[in-house]
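Accompanying notes for the structure given below.
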Amino acid sequence: MTITATTVQGGLATLTDEIIDELRGRVHCPVLAPDDPGFAGVREVFNAMHPGDPALVISCFGTADVIDAVNFARENGLVVSVRGGGHSIAGLSASDSCLLIDLAPMHAVQVDPAARLARVQGGAVWADVDRETQAYGLAAPGGVVSDTGVAGLTLGGGYGWLRRKYGLSCDHLVAAEVVGADGQVRVASSTENTDLLWALRGGGGNFGVVTWFTFALEEVGPTVAFAGTFYPVEEAPEVLRGWRNYVSVAPDEVTASCLTITMPADPELPEAVHNRACVVVGGVYSGAAETGMDILSPLRELGTPLLDMSQPMPYTAMQQGFDAFFPRNTLQAYWKSRYLSSLSDAAIDFVAARAASRPSPLTLVNLFHMGGAIAVVPPDATAFAQRSSPFLLSIDGNWTDPADNDANIAWVRETFAESARHGDDGVYLNFTGRSDEPPDVAVDSAFGANLRRLAEIKAKYDPDNVFRANNNITPAS
């Protein structure tokens, strides 16, 4: 069978049976063409808007397979996409007619409890990490959805439930093994290729395929205090004001967020929230659970509770608490995000009004409290530059019917544009979707003064921009 794949020059390359057989002889893992058994079983993406239609998939078992995959792509001039967890909102792990380097089989986690370090392969998701690290009462700051890929979250920054106490995922990245565009393996650490480590801490997938991450771990769990209270969306202005007032004085051990969603008529949920538009206030305390429940108690008293799920719970259960909202390959998803330097009453009224007018029950309008350990790190200490804003507004458009794409995308764009009246401190790239939009403006906004240095590092490690299926940084000339 002859396969046609897109080249980096914008043309098409013909991959004959002989070429594909030669590749299969080089690697020790599956090489899957569209007609092959197993092709449909490649790890699905989260965003069904961007399922991807690769010409060829290499499901790598280890670093050597990744080396062979990168070399094959370079020798044949092919566009490469790399799929770690596959949770990219913008569809960056799902290019059409590409060579897809699939890291899903590479999900090992090795914990050194004495050194408080974890080595994690590039195809792992955060549930893999949490399971192994919690065996020792340790954790690395991960995401708010346990099915999120370690690679994409970390390389893009990484907000989770530990962010105010311990910072971002990228802040805990102490070393990485990277397969570069030249097929060479490099270790980035505090003692070698230090510029590469700096770039990987928030600079995205621009610099190679990370086959192993090494994270510094913190003592967390096994039980944490969790506040999870559902309020009527009609009370959003009052609830959000109370939330803002609480987080303004809360200790760094508290990480809190608000989201609005219409709950389904799930028989496992109380009827009080069936088909009910709610403001969900969530908070986690990074410390003793008993102490934390007392400190989090004001979050349970912001309005008229429809449902209160607050309780001490296993850290792993807390990490999985929002997974049901984000099933794979089910939702059409288009998101926008904006940092806010303050949260005025006018901003709260705007958020509350948009929360009440959501075009889909699964669309979320979120507020994240930042600061704490995030802000302690200087903006030029890592590639991730946005450290100062105390709040992040995220508009997560999620719906099921592709026929509704235009209307939902338009609503998210309108909400995002109008939100600029209440502050504009840049965007968070991990929460930024695309639909026929150039990425340059978002990239400039996200990296700010760090972009020039990133472009120089890109030119050093990937001068031909082989790794371009990402929030792309143009190599410096």
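For the single chain, residues carry numbers from 1 onward in sequence order. Below, each value reflects all heavy atoms present in this structure, side chains not excepted, and no hydrogens, waters or symmetry copies. Please read all numbers here as calculations on a predicted model, not as lab measurements.
- Considering only heavy atoms from C-beta on, Pro314 stays 4.5 Å or farther from Pro222 through its side chain.
- With a 4.5 Å cut-off on side-chain heavy atoms, Tyr315 and Thr223 do not count as touching.
- Under a 3.5 Å cut-off, the side chain of Asp53 and the backbone N or O of Asp96 do not form any donor-acceptor pair.
- Side-chain contact between Leu307 and Thr229 is absent, with no heavy atoms from C-beta onward closer than 4.5 Å.
- Phe322 and Trp126 have their aromatic ring centers separated by at least 6.0 angstrom.
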Exercise. Take Phe215 and Leu117 through the test side chain to side chain contact (heavy atoms under 4.5 Å, CB included) and record every step on the way to the result.
Key: CA-CA 6 Å; Phe215 293 101; Leu117 295 173; over 6 Å; no
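- No side-chain donor-acceptor contact under 3.5 Å links Asn329 to the backbone of Glu44.
- For the 3.5 Å distance criterion, the side chains of Ser189 and Thr191 qualify, holding a donor opposite an acceptor.
- No hydrogens or angles considered: nothing links the side chains of Ser286 and Glu253 as a donor-acceptor pair under 3.5 Å.
- Contact check on Asp252 versus Arg164 returns a salt bridge, with a Lys/Arg side-chain nitrogen under 4.0 Å from an Asp/Glu carboxylate oxygen.
- For the pair Asp424 and Arg338, the salt-bridge criterion is met [side-chain N within less than 4.0 Å of a carboxylate O].
- Summarising the geometry, atom CG belonging to Asn206 is positioned 4.0 Å from atom CD1 belonging to Ile473; distances are rounded to the nearest 0.5 Å.
- Environment of CG in Asp406: sparse, with no more than 12 heavy atoms of neighbouring residues, nucleotides or ligands closer than 6.0 Å.
- Within the model, atoms OG of Ser88 and CG of Leu153 stand 12.0 Å from one another, a figure rounded to the nearest 0.5 Å.
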Exercise. Walk me through it: do Glu234 and Arg276 pass the test salt bridge (charged side-chain N to carboxylate O under 4.0 Å, His left out)?
Key: CA-CA 11 Å; Glu234 296 82 7; Arg276 189 72 162 86; 3.1 Å; yes
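- Heavy atoms of other residues, nucleotides or ligands lying less than 6.0 angstrom from CE of Met293 number more than 12.
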Quiz item: Given Lys460 and Asp195, is the salt bridge (charged side-chain N to carboxylate O under 4.0 Å, His left out) satisfied, shown in steps?
Solution: CA-CA 10 Å; Lys460 177 179 177 180; Asp195 56 346; 2.9 Å; yes
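- To the nearest 0.5 Å, atoms CD (Glu219) and OH (Tyr136) are separated by 14.5 Å.
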Practice problem: Test side chain to side chain contact (heavy atoms under 4.5 Å, CB included) on Gln121 and Leu103 and set out the steps. | Solution: CA-CA 8 Å; Gln121 282 188 302; Leu103 303 182; over 6 Å; no
Quiz prompt | ring pair (Phe, Tyr, Trp, His ring centres under 6.0 Å) between Phe46 and His87, worked out | solution = CA-CA 5 Å; Phe46 158 66; His87 247 260; 4.9 Å; yes
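- The CG atom of Leu196 lies 7.5 Å from the CD1 atom of Ile457; values are rounded to the nearest 0.5 Å.
- With hydrogens and angles left out, the side-chain atoms of Asn472 and Asn465 include a donor and acceptor closer than 3.5 Å.
- Salt bridge annotation for Asp345-Arg241: present, with a cationic side-chain nitrogen under 4.0 angstrom from a carboxylate oxygen.
- Here the side chains of Trp198 and Leu454 are in contact, with some heavy-atom distance below 4.5 Å.
- You'll find the side chain of Trp161 stays beyond 4.5 Å of the side chain of Val224, heavy atoms only.
- A 6.0 Å sphere centred on CD of Gln110 holds more than 12 heavy atoms belonging to other residues, nucleotides or ligands.
- No salt bridge links Glu218 with Lys165; every basic N to acidic carboxylate O contact stays at or beyond 4.0 Å.
- Using modelled atom types, one side-chain atom of Arg43 and one backbone atom of Gly123 make a donor-acceptor pair closer than 3.5 Å.
- Here the side chain of Arg83 pairs a donor or acceptor atom with the backbone of Ser93 at under 3.5 angstrom.
- Side-chain contact between Phe325 and Ile261 is present, with heavy atoms from C-beta onward closer than 4.5 Å.
- Between the side chains of Arg163 and Thr255, not a single donor N or O lies within less than 3.5 Å of an accepting N or O.
- Looking only at distances, no side-chain donor or acceptor of Glu132 sits under 3.5 Å from a matching main-chain atom of Val111.
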Self-check item: Derivation and outcome, side chain to side chain contact (heavy atoms under 4.5 Å, CB included), residues Ser257 and His369
Solution: CA-CA 6 Å; Ser257 302; His369 186 216; over 6 Å; no
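- Seen from the ring of Trp411, Arg358 does not count as a face-on cation partner, given the 6.0 Å and 45° thresholds.
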Exercise. Could you give me the CA-CA distance, side-chain angles and deciding distance for Val365 and Thr415, then say whether side chain to side chain contact (heavy atoms under 4.5 Å, CB included) is met?
Key: CA-CA 10 Å; Val365 181; Thr415 304; 5.7 Å; no
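- Atoms CD and CD, on Gln134 and Gln319 in that order, are 8.5 Å from each other to the nearest 0.5 Å.
- Taking Phe368 as the reference, Phe431 meet the ring-ring contact (aromatic ring centres under 6.0 Å, His included) condition, with sequence neighbours excluded.
- A distance of 10.0 Å separates CE of Met370 from CG of Leu340, quoted to the nearest 0.5 Å.
- Judged purely by distance below 3.5 Å, without hydrogens or angles, the side chains of Tyr334 and Arg413 pair a donor atom with an acceptor atom.
- Between the side chain of Thr154 and the backbone N or O of Ala151 there is no donor-acceptor pair closer than 3.5 Å.
- Proximity of Leu367 to Leu392: side-chain heavy atoms (C-beta onward) are nowhere separated by under 4.5 Å.
- Side-chain contact annotation: Ser389 with Gln386, donor-acceptor N/O pair under 3.5 Å present.
- Looking only at atom types and distance, the side chain of Asp396 has a donor-acceptor partner in the side chain of Asn366 under 3.5 Å away.
- Side chain of Asn470 to backbone of Phe467: a donor-acceptor contact under 3.5 angstrom is found.
- Looking at Arg300, its side chain never comes within 3.5 Å of a backbone N or O of Gly228 through a donor-acceptor pair.
- Judged by distance alone, with hydrogens and angles left aside, the side-chain atoms of Asn398 form no donor-acceptor pair with the main-chain N or O of Leu331 at under 3.5 Å.
- Using a 4.0 Å cut-off between charged nitrogen and carboxylate oxygen, Arg328 and Asp147 count as a salt-bridge pair.
- No donor-acceptor pair closer than 3.5 Å links the side chain of Asp462 to the backbone N or O of Ala459.
- Aromatic rings of Tyr159 and Tyr428 (six-membered ring for Trp) have centroids within the 6.0 Å cut-off, being under it.
- When only modelled atom types and interatomic distance are considered, Ser146 and Asp323 share a side-chain donor-acceptor pair under 3.5 Å.
- Taking 4.5 Å as the limit, every side-chain heavy atom of Ser81 sits out of range of all side-chain heavy atoms of Leu92.
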